[in-house]
Amino acid sequence: MSAGAATSPFAEDQDTFWHTTTHIMAQAVCRLFPNTRYAIGPTIDEGFYYDFDVVRNFLPEDMAKIEEEMKKIVEENHTVEHMSWTKGEALEFFEKHGQAFKAELIRDLPGSEVSIYRQGEFTDLCRGPHLKRTGLVRHFKLLTFAGAYWRANEKGPRLQRIYGISYQDKKNLLEFVRRREEAEKRDHRRLGVELDLFGMDETLGGGLVLYHPKGSAMRMVIEDFLKRAHRKLGYQYIFSPHMANANLWKISGHYENYKENMYFTQIEEQEFGIKPMNCPFHIQVYRSHLRSYRELPIRYFELGTVYRFERSGVLHGLLRVRGFTQDDAHIFCREEQLTGEIEGVLDFVQSVLNLFGFSYTVGVGTRPEKFMGDPELWDRATAALRSALDAKKIQHEIHAGDGAFYGPKIDVALKDALGRSWQGPTIQVDFNLPQRFGLEYVSDDGSRKTPVMIHRAILGSLERFIGCLIEHYAGDFPVWLSPIQVRVIPVSAEAAGAFPAEVMDGLRARDIRADVDEREESLGKRIRAAELEKIPVVAVIGNREAQARSVNVRRRGKKDQEVLSLTDFVEQICREAMVPDGAINP
RNA sequence: GCCAACGUAGCUCAGACGGUAGAGCAACGCACUCGUAAUGCGUAGGUCGGCGGUUCGAUUCCGCCCGUUGGCUCCA
């Protein structure tokens with residue numbers, strides 16, 4: 001909502017513009033579909049939507065009809081009138097017109113009066129502000145329609161939502177459309193196929209990822225980077241199995257609180273659950289012997305592959321899958337170490353995201369409806385998270401009820417090409433699982449105490465992170481991440497002789513991912529193929545280079561070339577291929 | 001899971017009132033031996049997502065299922 005809303009019922013900022021456009025859309029829908037009940041029509045980050053209950057489902061061709069009707073309403077140039085009605089008046093009006101949703105909203109509003117806007121025959125309950133006339137809306141476009149639920153309740157009435165966008169200038173609308181098209185080209189699902197990084201196979205089932213060799217190469221680079229960074233920061237690497245007896249999940253509370261997201265199987269009359277999280281395993285490692293306060297904090301790290309049942313409709317490329325690998329760690333510490341540990345994790349998260357150049361937003365998820373443990377412990381855990389964020393001066397929102405069932409969390413959201421947010425890094429404070437598992441350490445006075453646990457992931461899931469990474473770089477990965485770092489192309493087999501193979505072997509000996517394209521195709525065609533594969537460095541070798549033991553280096557997207565001696569070239573590439581983890585300070 | 005749309009060759013897409021399907025790119029083969037984003041010619045490749053139903057006959061019509069896409073709900 002704009003800041004001007006409180007002072008004037010009319011304004012002209014972007015938000016107001018969208019808001020009036022959505023009213024025009026609702027008016028058009030009401031004209032075309034008699035007895036439409038309109039629900040809510042807010043503005044969003046980019047554009048607006050309105051939810052309707054209409055006799056029949058919208059069809060794709062309805063979109064154009066609604067746009068046509070909207071154009072008429074704009075041409076009719078209705079004055080937008082602002083009124084203040086008593087709740088009684090408003091209720092009577094909307095009930096008389098069969099607008100049950102509006103009546104329900106009015107009943108739930110505080111105060112005795114409600115704000116009403118009217119344009120022509122269309123009257124809506126609305127806080128405003130609005131444009132003064134419908135004629136001020138010029139360039140708009142309806143984007144998509146989709147199902148929605150009244151008041152986000154999936155058991156409640158199903159509504160139909162139409163999304164749209166509008167601008168004062170046609171230029172801006174065209175720019176918006178162009179940006180969306182650009183974003184589609186960066187879509188990781190599209191690039192995943194084009195660059196042969198990964199695949200999903202219908203035969204395997206939805207939400208299960210197959211990494212092809214090139215995607216695997218990237219993943220290994222990231223895994224190696226993570227392992228090194230964690231070692232540097234005092235984490236110990238561990239491994240745990242993919243499933244465990246249901247008893248483990250009963251102790252951890254997953255059986256009670258997370259069962260609907262888990263896969264179970266029966267073996268020799270014993271029930272087993274495939275792991276949706278790694279924490280109970282790490283806890284069992286902690287429990288393997290008695291701990292002293294001197295040992296704490298203990299930090300266990302694992303690239304743990306977990307499986308969670310996700311409803312079929314929510315799966316989305318790599319960004320939402322059913323099997324994924326977390327860069328997961330659990331820190332066991334004394335309560336007084338908690339804030340310091342959280343701050344350390346925050347530093348870790350920030351340095352990694354900065355390394356990749358991601359922008360992100362931070363939220364704190366508080367106690368959900370389905371939770372376990374003592375609310376007082378929840379408050380202490382939440383306070384610890386917030387004070388660490390404050391100490392680091394990290395701006396954050398509160399996401400009420402978004403915590404895990406065992407504790408509150410800091411969630412860091414990354415954005416995909418279309419601006420949608422995806423949760424990546426997460427830091428969760430947990431007083432509950434240590435209690436449930438009876439974890440202890442011997443404190444300096446000899447007494448037994450319960451440690452506190454931090455669950456945390458730096459990237460979140462490798463699948464999701466790689467998906468975001470593909471979109472972030474639009475497939476133009478820096479040399480250190482590129483699946484193929486150097487492609488060697490002989491101008492012709494005879495002219496170059498054995499030298500291209502020597503160059504490739506030299507690079508491979510230095511751990512550079514290099515290959516050679518010695519197909520009997522034109523040079524132009526092979527250069528083009530390398531460009532389409534988004535290979536960052538192409539080394540062309542003809543007889544000039546072969547004789548001088550040099551390479552002609554062409555960089556991705558650049559036409560001009562550079563001739564380097566083989567040794568200089570290898571040194572240069574090795575420098576660029578180094579994983580830039582210097583940023584991770586111990 | 002819900003609402004809607006979609007599923008034709010590895011990829012991008014044509015196509016037919018219901019009579020078992022094509023194009024470009026990729027792949028493969030032959031010729032060309034080539035200096036920085038597509039050399040030419042040729043070959044092969046499809047249970048038209050799966051299963052049922054209607055029909056003399058279904059890839060086309062109907063139903064169910066699977067998968068995908070955009071949202072909703074839910075979440076890394």
Side-chain angles (χ1 to χ4, degrees), chain A residues 49 51 57-60 62 143-163 184 187 189-190 193-194 196 199-207 258 260-261 276-277 306 308-328 365 368 402 404 409 411-414 418 420 422-426 428 455 457 459-465 467-468 489-496 519-533 538-545 552-561:
Chain A
Y49 67 80
D51 286 346
N57 286 325
F58 290 132
L59 302 169
D62 291 331
L143 299 171
T144 53
F145 56 94
Y149 300 103
W150 169 239
R151 296 199 148 175
N153 172 12
E154 64 177 315
K155 304 224 162 53
R158 269 181 293 282
L159 305 171
Q160 296 188 77
R161 175 172 301 178
I162 303 179
Y163 288 89
E184 272 166 36
D187 190 312
R189 292 165 301 186
R190 175 179 173 147
V193 173
E194 285 175 5
D196 197 16
M200 312 285 244
D201 184 337
E202 181 175 333
T203 314
L204 301 189
Y258 209 74
E260 63 275 20
N261 289 302
M277 296 186 195
V306 298
R308 299 182 184 174
F309 169 72
E310 299 285 354
R311 301 206 279 182
S312 53
V314 306
L315 301 175
H316 183 97
L318 291 183
L319 300 182
R320 188 77 183 274
V321 293
R322 286 182 174 150
F324 55 99
T325 300
Q326 297 179 306
D327 58 335
D328 203 4
D402 266 358
K409 59 184 183 181
D411 279 337
V412 180
L414 311 176
L418 284 169
R420 294 174 292 210
W422 298 92
Q423 191 192 310
T426 181
Q428 309 167 353
H455 310 237
L459 304 183
S461 101
L462 292 183
E463 284 70 15
R464 178 174 286 182
F465 191 78
C468 286
I489 304 184
V491 172
S492 72
E494 283 136 44
R519 291 177 300 162
E520 296 188 19
E521 298 285 356
S522 69
L523 178 62
K525 184 166 183 169
R526 287 174 292 155
I527 296 278
R528 176 175 154 83
E531 285 288 345
L532 291 174
E533 288 176 61
V538 172
V540 176
I541 296 169
N543 68 40
R544 291 202 292 269
E545 288 78 13
N552 182 302
V553 182
R554 179 190 165 112
R555 297 278 171 166
R556 176 177 56 210
K558 298 211 173 81
K559 285 202 190 315
D560 49 323
Q561 302 125 38

- Could you tell me whether a side-chain N or O of A:Glu531 sits under 3.5 Å from a main-chain N or O of A:Gly557, the two making a donor and an acceptor? yes

- Task: Any chance you could list the contact pattern along nucleotides 27-37 of chain B? Use B for base contacts, S for sugar-phosphate-only contacts and - for none, protein heavy atoms under 4.0 Å, 5' to 3'.
- Result: S----BBBBBB

- Considering Watson-Crick and G-U wobble pairs with both distances under 3.5 Å, what does B:U36 pair with? none

- Item | Nearest-Å distance once atom C1' is located in both B:C62 and B:G1 | 25 Å

- Message: Distance check needed: B:A38 P versus A:Glu533 CD, whole Å only.
- Response: 16 Å

- Identify whether any heavy atom of A:Arg311 sits under 4.0 Å from a base atom; if not, whether one sits that close to sugar-phosphate; answer base, sugar-phosphate or nothing. base

- Message: Could you tell me how far apart A:Gln160 (CD) and B:G71 (P) are, to the nearest whole angstrom?
- Response: 17 Å

- Message: If I pick the P atom on B:A58 and the same atom on B:G19, what distance separates them, to the nearest angstrom?
- Response: 11 Å

- Query: So which nucleotide does B:C6 pair with, by the Watson-Crick or G-U wobble rule with both distances under 3.5 Å?
  - Reply: B:G67

- Task: To the nearest Å, give me how far apart CG (A:Asp196) and P (B:A26) are.
- Result: 16 Å

- Message: Using atom P in both nucleotides, what's the gap between B:G71 and B:C56 to the nearest angstrom?
- Response: 46 Å

- Message: Starting the side chain at C-beta, find the nucleotide from B:A4, B:G70, B:C74 nearest to A:Asn57.
- Response: B:A4

- Integer angstrom distance from the C1' of B:U68 to that of B:A27: 26 Å

- Pairing partner of B:G1, by Watson-Crick or G-U wobble and under 3.5 Å for both distances, is B:C72

- B:G29 - base-pair partner by Watson-Crick or wobble geometry, distances under 3.5 Å: B:C41

- dist A:Gln326:CD -> A:Met277:CE (nearest 0.5 Å) comes out at 8.0 Å

- Task: Starting at atom CZ of A:Arg161, determine the distance to atom P of B:C3, rounded to an integer number of angstrom.
- Result: 16 Å

- Item | For atom CG of A:Asp187 and atom C1' of B:U68, their distance in whole Å | 12 Å

- Message: Using a 4.0 Å cut-off on heavy atoms, which residues in residues 318-328 of chain A reach RNA chain B? List them by number, or say none.
- Response: A:Arg320, A:Val321, A:Phe324

- Note on the structure: Partner of B:G24 under the Watson-Crick or G-U wobble criteria, both distances under 3.5 Å, comes out as B:C11

- Task: Could you measure between the two C1' atoms, the one in B:G7 and the one in B:C65, and give it in whole Å?
- Result: 14 Å

- Task: Using only heavy-atom distances, decide whether a donor-acceptor pair under 3.5 angstrom links the side-chain of A:Tyr149 to the base of B:G1.
- Result: yes

- Item | Interatomic distance at C1', B:U54 relative to B:G18, whole Å | 11 Å

- Quick one: look up who B:U59 pairs with, Watson-Crick or G-U, both distances under 3.5 Å, and put none if it's unpaired. none

- Item | Gap in Å between the two C1' atoms, one belonging to B:C2 and one to B:U73, rounded | 8 Å

- To the nearest angstrom, how far is A:Arg189 atom CZ from B:U12 atom P? 12 Å

- Task: Output the distance between atom CH2 (A:Trp422) and atom CZ (A:Arg320), rounded to the nearest 0.5 Å.
- Result: 7.0 Å

- Rounded off to whole Å, could you give me the OH-to-P distance for the A:Tyr163 and B:U69 pair? 17 Å

- Item | Pair A:Arg528 + A:Glu521, salt bridge at N-O below 4.0 Å | no

- Message: From CD of A:Glu154 over to P of B:G71, roughly how many Å is that when rounded to an integer?
- Response: 18 Å

- Message: With rounding to the closest Å, how many angstrom separate the P atoms on B:G24 and B:G50?
- Response: 25 Å

